[in-house]
Amino acid sequence: MEKRKRKLDGNTYLLFITILLFIVMYVAGMIVFKDKGFVRFQVFLNLFISNAGLIVIAAGMTIIMITGGIDISVGSVVALVCMMLAWMMENKGIGAIPSVLIVLVMGLVFGIVQGFLVAYLKIQPFIVTLAGMFFARGMTAIISQEMISIKNEAFLSWANAKIYLPFGGTVNKKGMMLYPYVYPSVMIALIILIIVFIMLKYTKFGRSIYAVGGNEQSALLMGLNVRKIKLKAYILNGLLCAIGGFLFCLNTSAGFVEQAKGFEMEAIASSVIGGTLLTGGVGNVIGSLFGVLIKGTIETFITFQGTLSSWWTKITIAALLAFFIILQSLFAKAKEKRK
Amino acid sequence: MTKLKKLTSYELFLPILCLILVLFINVIKTPTFFEVSMKNGVLYGYIIDVINRASELVILAVGMTLVVASSAGTDISVGAVMSVAAAICCYVLSGGQQTINAYQNPYILGILAGVVIGVLCGCWNGFLVAKMKIQPMVATLILFTAGRGIAQLITKGQITYIRVDNYKLLGGNIPGIPLPTTIFVVVVIVIISNLLLKKTALGLYIESVGINAKASRLVGLKSSQIIFLTYAFCGLCAGIAGLMASSRIYSADANNIGLNMELDAILAVALGGNSLSGGKFSLLGSVIGAYTIQALTTTLYAMSVSADQLPVYKAIVVVIIVSLQSKEFNKMLHTLKVKLSSSKERKKVA
C-alpha cells in the first residue's frame with residue numbers, strides 16, 4: 001500500500017484533475033445541449049479533427065516546457081508553413097509531396113537556429129522565440145500579402161479524404177445510417193503523439209530531457225551534455241511545429257498573413273492545463289492532449305450556444321490557465337513546506 | 001587609446017551609437033529628415049513625427065524597464081492593458097453609446113478610469129508574480145490572452161468613437177503650442193520617474209531586488225512589495241499609453257490599440273543596454289532605445305517595407321543585440337581572440 005500512495009504525488013494529481021475536468025465538461029455539454037445533437041459521437045471526433053495541428057504542436061511545446069524553456073513562435077511558424085505550402089504549390093508549381101518535405105526541412109532549420117541561441121548562447125528562450133515569432137510572421141508577409149488558396153489536387157485529396165469508423169453511427173432523418181468519420185490528419189496527429197509519448201517515457205533521450213528540465217546543474221554534474229540535449233529538443237520541436245502546421249493547413253487549405261494568431265497561447269495553455277510545470281522537469285503529452293480536448297470542448301460549447309461571442313473562448317481559456325497556474329504554484333508551495 | 005576605452009565603457013554608449021546609426025541611415029534615405037517647418041503655428045517634419053509617434057513606446061519602455069530590472073521577467077500584457085484602458089475611458093465618456101459628439105461624463109472621469117484600470121491590471125500581474133511566485137511571462141500571459149477579450153466586451157465588440165475636439169488634444173496639438181502634446185507627457189513622466197528613482201532609494205532597492213531577491217529580503221527590503229510596485233507602475237504606464245493611443249484615433253479599437261507594442265517595449269529595454277535578466281538598469285537607455293526603434297521603423301517605411309514585413313528586421317536586430325550582450329558570446333569571442341593572438345605569436349617566434 002505504501003508504494004502505491006507514493007506514486008500519487010502532486011504531479012499525477014494535476015493530470016488526474018485535467019482528465020476529470022474534461023470528462024465533467026463533456027458530460028455537462030451532453031446534458032445541456034442534448035437536443036442540439038451534442039451526444040453524437042461525431043461531435044467528439046470533431047474535437048480531434050479541428051485540433052489535429054494543435055495536438056502535435058502542444059506535444060512539441062510540452063517537450064520544450066519540460067526542458068524549462070518556452071516557445072512563443074509556434075503560431076507564426078504555423079502561418080509561415082501554411083503560406084509556404086500555398087505559395088510553393090500555387091505560385092511555383094511544386095508538387096504536394098516535395099512542398100511538404102521542404103516545409104519540414106524549414107521547421108528543422110528553425111529549430112536548429114532557435115536551439116543554438118538558447119542552448120549555446122544561453123539567451124533567454126522567451127526572447128529568442130519572440131524574435132522567431134517576429135521573424136516568421138514577417139516572412140509570411142514578405143512571401144505574400146494576400147491570401148493564397150491551395151488548389152493542388154493531391155493536397156486537397158489528402159485534406160478531404162474521410163476515414164469512416166464502423167461504429168458509433170447515428171440514423172439521420174432520411175433513415176440512412178451515417179457513420180462518423182475522421183480525416184487522415186487526426187490519424188497522423190495521434191500516431192505522432194504516441195511516438196512522442198514513447199520517446200519521452202522509455203528512451204534515454206526522453207529521460208535526459210526530464211533531467212535537464214528538473215535541475216540543469218545536477219544534470220550537468222551527472223555528465224549529461226545539457227547544451228546538446230536542449231538543442232535536440234528545440235530541433236524536435238521545430239520539426240513538430242512544421243508537421244503541426246502542415247496538419248493545420250490541411251484544415252484551412254490556404255495561406256494568409258493573419259493565420260494562427262494566438263495559436264502559441266493555446267498550445268501553452270493546453271500544456272499547462274495538461275499538467276506541465278512551467279518551471280520545467282515535469283510534463284506529460286497525454287495531459288497536453290486532454291488540454292487540447294478541453295479547449296475544443298469550450299469552443300464547441302460556444303458554438304452550440306450560438307449567442308456568446310467567440311471572445312468568451314479566449315477569456316475562459318485564460319481563466320482556466322490562471323486556475324491551473326495558481327494550482328501548480330500551490331502544489332509547489334505545499335511540497336516546499338513538506339520538506 | 002584610453003580615451004576610446006573610456007568612451008566605449010560609458011554605459012549609454014551602445015544605445016546612443018545605435019540611435020546615431022539609425023538616424024544616419026534615415027538621413028541618407030530621406031535628405032529632408034531633419035527639416036522642420038512651421039505651419040499654422042505647429043511644427044512639422046519627419047523628426048517631429050518620429051518623436052511624436054515614439055511617445056507611447058517611451059512610456060511603455062519606462063514601465064517595462066522597472067519590471068525587467070526587478071524581476072528578470074517581462075510584462076507581455078502591456079498592449080492588452082492599453083486596449084482595456086482605452087476601452088474603459090471611451091465607455092465612460094460615451095456613457096455606453098457607440099459614437100457621441102459631446103461628453104456624457106466629465107473628461108477627467110474618463111481619464112481617471114483609464115489610468116485606474118491600468119493600475120489595477122498592473123496590480124493583478126504584480127500579485128501573481130510577487131505573491132504567488134509565478135513566472136512573470138506566464139503570469140502576464142493571462143492578461144495578454146484575456147485583455148483584448150475584456151476590452152471587446154466593454155466596447156460590445158465595436159469601435160467606440162468620441163467625436164469631441166477636446167479629446168484629440170492629448171494625441172494632437174494644444175492650440176498655441178507648436179510641439180505635439182505627447183512630447184510633454186513623455187517628458188513629464190520620464191522626469192518624474194527619474195526623480196523618484198534617483199533621488200529616493202527606490203532605484204537602488206529595485207536594482208538590489210533584481211540582482212538577488214532573497215539577499216535583499218534578508219537585508220531588510222520588502223522584495224515582494226517592491227516587485228509588486230514595479231508591476232503596478234508598468235500597468236500605470238500602459239494605462240497612460242493606452243489613453244494617448246486612443247486619443248490619436250479618437251476612438252477605442254479593442255483589436256488594434258497597442259498591438260505588438262509589448263514586443264517593441266521589450267526590444268527598447270534590450271536596446272537600452274539593460275540586461276534582460278534583471279539587476280542594474282538605465283531608464284535613459286530605454287528611452288533612447290525606444291526612439292531608436294521608432295527611427296528604425298521610419299527608415300524601413302521609407303524603404304517601402306510594409307507594416308506586416310517590418311517585424312522581420314526587428315527580429316534580426318533583437319537577435320544580434322541580445323547575442324552581443326550574452327556572456328557566452330563574449331566568452332566565444334574571447335577564446336577566438338586568444339587563439340588568434342597565440343597563433344600570431346607562434347608565427348612571430350617561427
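Here is how names work: the chains are called A, B, and so on, in the same order as the sequence lines, proteins then strands, and each is numbered from 1. Note that this is a predicted model, so its numbers are computed, not measured.
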- Message: Counting only non-hydrogen atoms closer than 4.5 Å, does A:I72 touch chain B with its backbone (N, CA, C, O), its side chain (CB onward), both, or neither?
- Response: neither
- Yes or no on side-chain contact (heavy atoms from CB on, under 4.5 Å) for B:I76 and A:F126, after CA distance, side-chain angles and deciding distance? CA-CA 11 Å; B:I76 55 172; A:F126 182 71; 3.2 Å; yes
- Pick one of side chain, backbone, both or neither for B:K131, based on which atoms fall under 4.5 Å of a heavy atom in chain A. backbone
- Message: Less than 4.5 Å apart, side chain to side chain, heavy atoms only: is that true for A:M133 and B:L263?
- Response: yes
- Which of A:E266, A:E258, A:M265 touches chain B most, by non-hydrogen pairs under 4.5 Å: A:M265
- Query: Does a side-chain heavy-atom distance below 4.5 Å link A:L121 with B:M332?
  - Reply: yes
- Which answer fits B:I142, side chain, backbone, both or neither, if we ask what part of it has an atom under 4.5 Å from a heavy atom of chain A? both
- Item | Toward chain A, the part of B:L267 with a non-hydrogen atom under 4.5 Å | neither
- Crowding at OH, B:Y91 (>12 non-hydrogen neighbours, <6.0 Å): no
- Query: If we only count heavy atoms from C-beta on, is the A:V128 to B:V319 side-chain gap below 4.5 Å?
  - Reply: no
- Task: Answer whether the closest heavy-atom distance between the side chains of A:F134 and B:V312 falls below 4.5 Å.
- Result: no
- Between OG on residue B:S323 and CZ on residue A:F116, distance to nearest 0.5 Å: 8.5 Å
- Identify which part of B:L143 has an atom lying under 4.5 Å from any heavy atom of chain A, answering side chain, backbone, both or neither. neither
- Item | Within 6.0 angstrom of B:K280 NZ, more than 12 heavy atoms from elsewhere | no
- Message: Please classify the contact between A:I142 and chain B as side chain, backbone, both or neither, with a heavy-atom cut-off of under 4.5 Å.
- Response: both
- Message: I need the minimum non-hydrogen distance between A:A131 and B:A315, along with the two atoms involved.
- Response: O-CB, 3.1 Å
- Message: For the CZ atom of A:R137 and the CD atom of B:Q309, what is their distance to the nearest 0.5 Å?
- Response: 14.0 Å
